[in-house]
Amino acid sequence: MGKFTAIVLAAGKGSRMQSDIPKQFMELAGKPVVYYSLHAFEASPVDDIILVTGREDVAYCENEIVKKYHFNKVRTVVEGGSQRYWSVKNGLAAAKGAEYVLIHDGARPCIDQKLIGRCLQELQNGYCCTVGMPVKDTIKVVDGAHFGIDTPPRDTLWQIQTPQCFPYEKIVSAYEKMEQSGDSDITDDTMIIERYLGVRTKVILGDYCNLKITTPEDLNLAEIFLRKMNENC
Ligand code: CTP
Ligand code: MG
């Protein structure tokens with residue numbers, strides 16, 4: 001493994017998309033959604049890529065995505081798990097030997113080179129980091145009966161995106177501790193490193209275009225953003 005390894009996650013079921021095929025393989029401007037983030041890492045200074053997908057989609061990814069589009073940096077396609085964090089864990093096992101990992105949702109196609117560059121820079125500055133953006137809406141904490149119980153000051157709130165980036169040994173040891181704890185409320189990797197290692201993560205500027213495709217209307221938005229990114233190239 002090289003110095004920087006990207007782990008691209010494409011093993012989810014996409015239940016909120018309510019589509020027959022997993023959202024990471026739905027067609028977006030003529031190509032599967034996951035093509036775009038693989039293409040971005042292929043064109044970046046990242047050394048290698050691990051693609052994580054469902055057991056039934058490994059052969060499809062190898063033949064119809066990695067070989068077809070000549071993604072030479074993809075070292076291997078590995079099987080994911082039932083939860084996102086198990087998919088990450090399998091990706092980390094396959095990335096053994098890397099110095100740093102950038103963990104990215106394959107459902108975020110609109111990632112650009114500047115954003116990847118900012119991640120690499122912070123890793124080299126010695127930080128664990130994630131990209132994110134200041135929230136635009138007021139955010140409320142609500143109780144079980146849907147009454148607001150708190151309105152945190154908006155200028156302290158950021159929505160978190162991916163890539164999330166770590167020195168390899170740190171994130172692996174945080175995952176080992178997470179496994180021993182038996183916790184199951186994990187939604188991202190910065191939570192794991194903060195909770196189990198007590199290491200702070202730096203939240204750096206992402207991009208409002210770096211959306212996660214989650215529900216059907218997101219595909220239309222992503223297509224507009226991709227077109228804009230191509231025009232700017
Ligand atoms: N993911 C994964 N393995 C899982 C669950 C999620 O690799 N067991 C990946 C997804 O493929 C996606 C990213 O993690 O690229 C972010 O997850 P999310 O948007 O929640 O995707 P899904 O879990 O597929 O969607 P949903 O929650 O609507 O079922
Ligand atoms: Mg999910």
Side-chain angles (χ1 to χ4, degrees), residues 5-28 31-42 46 49-62 64-66 71 74-95 101-112 115-116 119 130-133 159-166 171-172 175 178-179 183-193 206-223 225-226:
T5 298
I7 297 176
V8 175
L9 300 173
K13 296 267 180 271
S15 49
R16 286 169 288 179
M17 182 59 83
Q18 299 188 314
S19 139
D20 294 340
I21 58 168
K23 61 186 182 183
Q24 57 271 25
F25 306 128
M26 288 172 81
E27 190 182 309
L28 171 64
K31 300 208 170 66
V33 165
V34 72
Y35 160 89
Y36 295 93
S37 49
L38 293 172
H39 181 262
F41 284 116
E42 182 83 25
V46 156
I49 305 167
I50 306 291
L51 177 57
V52 186
T53 194
R55 176 184 300 180
E56 60 288 0
D57 294 316
V58 170
Y60 164 78
C61 283
E62 284 171 347
E64 299 302 320
I65 297 181
V66 177
F71 289 134
V74 175
R75 287 282 158 270
T76 177
V77 181
V78 297
E79 217 179 281
S82 59
Q83 302 294 324
R84 186 185 182 281
Y85 49 84
W86 296 131
S87 296
V88 173
K89 191 170 176 268
N90 292 357
L92 287 170
V101 287
L102 296 85
I103 302 171
H104 184 64
D105 295 331
R108 292 184 192 269
C110 305
I111 175 174
D112 71 5
L115 193 151
I116 295 173
C119 291
T130 179
V131 293
M133 292 303 286
Q159 58 190 69
I160 298 306
Q161 306 177 336
T162 69
Q164 303 199 344
C165 312
F166 312 95
I171 188 73
V172 167
Y175 260 82
M178 188 270 292
E179 233 181 314
D183 292 349
S184 60
D185 61 335
I186 307 294
T187 54
D188 80 348
D189 301 302
T190 58
M191 250 177 104
I192 294 182
I193 207 119
D207 197 314
Y208 285 120
C209 294
N210 183 28
L211 86 171
K212 188 176 65 162
I213 292 187
T214 308
T215 52
E217 61 274 18
D218 295 331
L219 281 165
N220 298 330
L221 280 176
E223 191 159 346
F225 294 153
L226 285 172

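Order of appearance sets the numbers: ligands from 1, and atoms from 1 within every ligand.
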Inset, instruction - Answer with yes or no after comparing the ring centroid distance for Tyr35 and Phe71 against a 6.0 Å cut-off, counting only values under it. - result: yes
Legend entry - Those atoms of ligand 1 less than 4.0 Å from some heavy atom in Ser82: 8 (N)
Inset, instruction - Determine yes or no for a side-chain-to-main-chain donor-acceptor pair under 3.5 angstrom, with Asn90 supplying the side chain and Ser87 the backbone. - result: no
Inset, instruction - Could you say whether the N/O atoms of Met17 and ligand 1 ever approach to under 3.5 Å? - result: no
Inset, instruction - Determine yes or no for a side-chain-to-main-chain donor-acceptor pair under 3.5 angstrom, with Gln24 supplying the side chain and Val34 the backbone. - result: no
Legend entry - Protein contact to atom 3 (N) of ligand 1 [nearest heavy atom, distance to 0.1 Å]: Ser87 OG, 2.7 Å
Legend entry - Mode of Pro22 contact toward ligand 1 - side chain, backbone, both, neither (heavy atoms, under 4.0 Å): neither
Inset, instruction - Considering only non-hydrogen protein atoms, determine which one is nearest to atom 24 (O) of ligand 1 and report residue, atom name and distance to 0.1 Å. - result: Gly14 N, 2.7 Å
Inset, instruction - Number the atoms of ligand 1 from 1 as they appear, then name those within less than 4.0 Å of a heavy atom of Lys13, with their elements. - result: 24 (O)
Inset, instruction - Measure the SG-CZ distance between Cys110 and Phe225 for me, rounded to the nearest 0.5 Å. - result: 7.0 Å
Legend entry - Nearest candidate to atom 20 (O) of ligand 1, where distance is taken over non-hydrogen atoms, out of Arg16, Arg84, Gln83, Gln18: Arg16
Inset, instruction - Check whether any side-chain heavy atom of Leu28 sits under 4.5 Å from a side-chain heavy atom of Ile213, and report yes or no. - result: yes
Inset, instruction - Provide, to 0.1 Å, the distance between atom 17 (O) of ligand 1 and the closest protein heavy atom, together with that atom's residue and name. - result: Lys212 NZ, 4.3 Å
Inset, instruction - Around atom 21 (O) of ligand 1, find the nearest protein heavy atom and jot down its residue, atom name and distance. - result: Lys23 NZ, 3.2 Å
Inset, instruction - Around atom 7 (O) of ligand 1, find the nearest protein heavy atom and jot down its residue, atom name and distance. - result: Ala11 N, 3.0 Å
Inset, instruction - Report the nearest protein non-hydrogen atom to atom 13 (C) of ligand 1: residue, atom name, distance rounded to 0.1 Å. - result: Asp105 OD1, 3.3 Å
Inset, instruction - For Gly81, take its heavy atoms, then give the atoms of ligand 1 lying under 4.0 Å from any of them. - result: 4 (C), 8 (N)
Inset, instruction - Would you check if the side chain of Asp105 reaches a backbone N or O of Ala107 as a donor-acceptor pair within less than 3.5 Å? - result: no
Could you list the donor-acceptor pairs under 3.5 angstrom formed by side chains in residues 7-19, with sequence neighbours left out?
| from | atom 1 | to | atom 2 | distance (Å) |
| --- | --- | --- | --- | --- |
| Ser19 | OG | Ile21 | N | 3.1 |
| Ser19 | OG | Ile21 | O | 2.7 |

Legend entry - Residue and atom name of the nearest protein heavy atom (relative to atom 9 (C) of ligand 1), distance in Å to one decimal: Leu9 CB, 3.8 Å
Legend entry - Close approach of Gly80 to ligand 1, heavy atoms, under 4.0 angstrom: no
Inset, instruction - State whether the side chain of Arg55 and the backbone N or O of Glu79 hold a donor-acceptor pair below 3.5 Å, judged by distance alone. - result: no
Inset, instruction - Among all protein heavy atoms, pick out the one at the shortest distance from atom 11 (O) of ligand 1; state its residue, atom name and that distance to 0.1 Å. - result: Gly12 N, 3.0 Å
Inset, instruction - Could you tell me which non-hydrogen atom of Val88 sits nearest to which non-hydrogen atom of Ile103, and how far apart they are? - result: CG1-CD1, 3.7 Å
Legend entry - Cationic N near anionic O, under 4.0 Å, Arg84 to Asp189: yes
